[in-house]
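Note that the coordinates shown come from a computational prediction; the quantities given were computed from them, not determined experimentally.
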Amino acid sequence: ATLVLVLEYDAYLPSYSDPDERHLAFLECVTKGLLRYIEEHAGSDTTSSSTEDQSIHALTTSLRHILLLNHRLLHEKLATAVSFACSCAPQTKPRANELLSSIVKTYWELRQ
């Protein structure tokens with residue numbers, strides 16, 4: 001929920017002054033934590049529970065918000081994010097599709 005507020009109110013933009021890069025460092029820590037969680041739970045039991053669906057929903061939404069805040073935060077681990085989105089359970093596909101669409105759109109815009 002916090003990441004969406006940061007996006008909604010433009011509390012962070014890569015062009016904002018960040019003298020010691022503390023804001024960027026904080027977002028990098030958040031991103032690393034999300035990706036570490038994904039990597040540690042990859043290939044775990046594929047039975048879908050309500051709690052697991054909520055976790056997947058939160059992860060895909062958070063990764064999308066991180067990408068929209070600053071694509072460089074995910075750039076080095078883009079394969080992990082794409083693989084995770086592609087492996088999501090059918091119940092969470094809409095959020096996974098939003099993440100994949102955002103990745104494609106972001107990199108398409110960067111190539112323009």
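The minimum heavy-atom distance linking R64 with S102 is given by the pair NE-OG, 2.9 Å. Across A85 and A96, no two heavy atoms sit closer than the pair O-CB, 3.3 Å.
Using a 4.5 Å cut-off on side-chain heavy atoms (C-beta onward), L27 and L3 make contact. A heavy-atom distance below 4.5 Å is not found between the side chains of L100 and V104. With contacts defined as side-chain heavy-atom distances shorter than 4.5 Å, the pair T60/E98 does not qualify. Side-chain contact between L73 and L24 is present, with heavy atoms from C-beta onward closer than 4.5 Å. You'll find the side chain of L7 reaches within 4.5 Å of the side chain of L69, heavy atoms only. Looking at heavy atoms from C-beta onward, V4 lies out of side-chain contact with T61 at the 4.5 angstrom threshold.
Between atom NZ of residue K77 and atom OG of residue S83 there is a gap of 11.5 Å, rounded to the nearest 0.5 Å. Separating the OG atom in S87 from the CD1 atom in I38 is a distance of 8.5 Å, to the nearest 0.5 Å. The distance from the CG atom of L59 to the CG atom of L35 is 9.0 Å, given to the nearest 0.5 Å. Rounded to the nearest 0.5 angstrom, E52 CD and H41 NE2 are separated by 9.5 Å. In this structure, CG on L99 lies 9.0 Å from SG on C86, to the nearest 0.5 angstrom. The structure places CG of L78 at 9.5 Å from NE2 of H71, a figure rounded to the nearest 0.5 Å.
Between the side chains of N70 and Y12, at least one donor-acceptor pair of N or O atoms lies under 3.5 Å.
Between the side chain of D18 and the main chain of R22, a donor-acceptor pair closer than 3.5 Å is present.
Taking a 6.0 Å sphere around NE2 of H65, one finds it holds more than 12 heavy atoms contributed by other residues, nucleotides or ligands. Around atom CD of E21, no more than 12 heavy atoms belonging to other residues, nucleotides or ligands sit under 6.0 Å away.
Relative orientation of the H75 and Y107 rings is parallel, given thresholds of 30° and 60° on the angle between their planes.
Residue L67 is not grouped with residue W108 when hydrophobic side chains (ILVMFWY) are merged at heavy-atom distances under 4.5 angstrom, including chains of intermediate members.
At a threshold of 4.0 Å, the pair R36-E39 does not count as salt-bridged, since none of the basic side-chain nitrogens sits closer than that to a carboxylate oxygen.
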